[in-house]
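Working notes for the structure below.
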Protein chains: 2
Amino acid sequence: MDKAVSRTPRTRIQARNREAILDAALDVFSQHGFRGATLDQIAEVAGLSKPNLLYYFPSKEAIHVRLLSGLMDSWLDPLRHLGDAGEPVDEIVAYALRKLDMARTLPRESRLFANEIVQGAPRVLDMIEGPLKTLVDDKAALIGGWAQEGRIAPVDPHHLIFSIWATTQHYADFDVQVRGILTPEGDAHFAEAAGFLTTLYTNLLTIRP
Amino acid sequence: MDKAVSRTPRTRIQARNREAILDAALDVFSQHGFRGATLDQIAEVAGLSKPNLLYYFPSKEAIHVRLLSGLMDSWLDPLRHLGDAGEPVDEIVAYALRKLDMARTLPRESRLFANEIVQGAPRVLDMIEGPLKTLVDDKAALIGGWAQEGRIAPVDPHHLIFSIWATTQHYADFDVQVRGILTPEGDAHFAEAAGFLTTLYTNLLTIRP
DNA sequence: CAAGAGTTTGACCAAATGGTCAGGATCACG
DNA sequence: CGTGATCCTGACCATTTGGTCAAACTCTTG
């Protein structure tokens, strides 16, 4: 018998509390990184006592790992769909816009990931060098093919992907900076960013006579 | 009389040890963020005892603040020089390449800053909303002027600057990810990145007939 | 309603952490 | 060489931190 409750929830209470804990942990980990986060803080945000929290997860690290592995999947989903249909330039621009929208709607997830990578990715290096690299290499080959067929301008596919990640996640990860420089509040700047990125990648990839 | 040693070093030992501490702190803070870093760790990396470290700096926070404010200046220096001479497109591309070079040569500084911003910029928000915003608004006006004069294609200047920050700092902040995906070791990918970014911003800004 | 499964908590612990302090070692300089 | 200023350390402290545990509470279900 495991000391902690089983992974798949069997009761309503279990489902609710596990959800509350993961949500609270996302808050705290994304704001302070793994080492900067404390169980007391997570427990407080989740509205539970610390021992109760440790009844649902065996350790601080277990919560962090659970969040990260759960995130990786949904985070890479847009990339998996790149190239499904449509013209190459449109596909790549659409991918960038989908990533931008994720930065807008899921900023905590983006920052959780950013914290993990900036701090050396101690818990996801395997995934990066494994599945992530495989997927990226795959899509890079696809983009490289488009370039050779003359359907887009010739570019380094890997660095194109990096630049899309960088420009889109910037609006989540560096949110305070962006907001501090652009006075208007609200999410208006996301629409501007969408326009800018569309121009940026359209101009890069469109073949001119 | 202050408990801690004066800010301007008066002896050789003071200069050497203060330097060692700041260098060690840059290592540790950039890798773990403020809350994740410990004085013991900084002291060990610096080769000093913890009480000795606290002889030179009054607190953990003092070291962090010192690093950040010292960094801000040199970090924004390239932006100050934007527009000093030369054609607009060249100037902006040169700025991006200068930033990329800083990401290559000063990755710890970039990550220190990234950690601070991702975690909400609790210690530099004033600088962001003050001097940084002023400088950015200033340069944005310059770029906007170029656009209106027809010397570059019309773009949102603020988002252009954000995208340059994002694409260049990405190579420092997400270094492990970049290296995990690009198999070849060494710094070869920085040359590729320079080429890619040159194309990216040249194509964006050059006016086509 | 009884009883077992599932849930919650207060009290507790060892280790780590930021920081203090009195005194000793070392250095610079007259 | 002596002496005052600078530098360094071991011992110590209060608080925080991740984690444990036995006991108590509550929920479900026969």
Side-chain angles (χ1 to χ4, degrees), chain A residues 1-29 31-68 115 119 122-123, chain B residues 1-25 27-29 31-68 119 122-123:
Chain A
M1 276 285 230
D2 272 341
K3 211 181 300 174
V5 99
S6 63
R7 200 149 65 295
T8 49
R10 282 178 219 296
T11 78
R12 260 162 272 158
I13 296 177
Q14 222 167 106
R16 170 169 48 83
N17 283 349
R18 286 182 65 85
E19 197 50 47
I21 290 169
L22 288 174
D23 192 70
L26 181 55
D27 261 27
V28 178
F29 280 134
Q31 217 172 96
H32 300 290
F34 179 73
R35 286 181 48 168
T38 72
L39 285 181
D40 296 81
Q41 216 181 332
I42 296 172
E44 198 199 323
V45 174
L48 299 173
S49 68
K50 184 166 59 169
N52 199 11
L53 186 153
L54 286 163
Y55 169 73
Y56 289 100
F57 290 90
S59 70
K60 182 185 176 183
E61 179 154 3
I63 303 176
H64 196 234
V65 167
R66 187 82 159 66
L67 274 179
L68 281 175
N115 259 306
Q119 303 188 3
R123 277 165 246 278
Chain B
M1 274 284 233
D2 272 342
K3 212 180 301 174
V5 101
S6 63
R7 201 150 64 298
T8 50
R10 282 176 220 298
T11 76
R12 259 162 273 156
I13 295 177
Q14 221 168 107
R16 170 169 48 83
N17 283 349
R18 286 182 64 84
E19 196 50 46
I21 290 169
L22 288 175
D23 191 71
D27 261 26
V28 178
F29 280 134
Q31 215 170 99
H32 299 290
F34 179 73
R35 287 180 49 168
T38 72
L39 285 181
D40 296 81
Q41 216 181 333
I42 296 172
E44 198 199 322
V45 174
L48 300 172
S49 68
K50 183 166 58 168
N52 198 13
L53 185 153
L54 286 163
Y55 169 74
Y56 288 101
F57 290 90
S59 71
K60 181 185 175 183
E61 178 154 6
I63 303 175
H64 196 233
V65 168
R66 187 83 158 68
L67 274 179
L68 280 175
Q119 305 189 0
R123 277 164 247 278

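Every chain is numbered from 1 and lettered A, B, ... according to where its sequence line falls, protein lines coming before strand lines. Quick caveat: nothing in here was measured; it's all calculated off a predicted structure.
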With a 4.5 Å cut-off on side-chain heavy atoms, are A/Asp27 and A/Gln41 touching?
no

Rounded off to whole Å, could you give me the CZ-to-P distance for the A/Arg18 and C/dT8 pair?
13 Å

Taken in chain and number order and not counting sequence neighbours, the residues that satisfy side chain to side chain donor-acceptor pair (under 3.5 Å) with A/Arg16 are none

Under the rule for ring-ring contact (aromatic ring centres under 6.0 Å, His included), what residues qualify as partners of A/His64, not counting sequence neighbours?
A/Phe29, A/Phe34

Does a side-chain N or O of A/Gln14 approach OP1 or OP2 of C/dG6 to a distance below 4.0 Å, or not?
no

A/Lys60 side chain, from C-beta outward: closest of D/dC7, D/dG19, C/dG10
D/dG19

For B/Gln119 versus A/Gln119, what's the shortest heavy-atom pair and its separation?
NE2-NE2, 3.6 Å

Assuming nearest nucleotide by heavy-atom distance, tell me which of B/Ser59 and A/Asn52 is located more 5' along DNA chain C.
A/Asn52

Sorted by chain and residue number, the salt bridge (charged side-chain N to carboxylate O under 4.0 Å, His left out) partners of B/Glu19 (sequence neighbours excluded) come out as none

To the nearest angstrom, how far is A/Tyr56 atom OH from C/dG6 atom P?
11 Å

Separation of D/dG10 P from B/Leu48 CG (nearest whole Å)
13 Å

Quick one: what's the B/S/- string for nucleotides 22-30 of chain C, heavy-atom cutoff under 4.0 Å, read 5' to 3'?
---------

Tell me the interatomic distance from A/Lys50, atom NZ, to C/dA11, atom P, rounded to whole angstroms.
14 Å

Closest heavy-atom pair and its distance - B/Ala24, B/Ile42:
CB-O, 3.5 Å

Report yes if at least one side-chain N or O of B/Asn17 is closer than 4.0 Å to OP1 or OP2 of D/dT6; otherwise report no.
no

Enumerate, atom names and distances included, each donor-acceptor pair closer than 3.5 Å involving a side-chain atom of residues 43-54 of chain B, sequence neighbours excluded.
{"unit_1": "B/Ser49", "atom_1": "OG", "unit_2": "B/Asn52", "atom_2": "N", "d": "3.3"}

Roughly how many Å is it from NE2 in A/His32 to P in D/dG18, rounded to a whole number?
12 Å

In whole angstroms, how far is the P atom of D/dT17 from the CG atom of A/Leu54?
14 Å

Establish, with yes or no, whether the OP1 or OP2 oxygen of D/dT6 is under 4.0 angstrom from a side-chain nitrogen or oxygen of B/Thr11.
no

Distance check: side-chain N/O of B/Tyr55 vs OP1/OP2 of D/dC8, anything under 4.0 Å?
no

What residues in residues 35-47 of chain B put a non-hydrogen atom under 4.0 Å from any atom of DNA chain C?
B/Ala37, B/Thr38, B/Leu39, B/Asp40

Closest contact, heavy atoms only, B/Ile63 versus B/Ala25
CG2-CB, 3.4 Å

Tightest non-hydrogen contact, residues B/Tyr56 and B/Arg18, listed as O-NH1, 3.2 Å

Tell me: CG of B/Leu53 to P of C/dC21, nearest whole Å?
17 Å

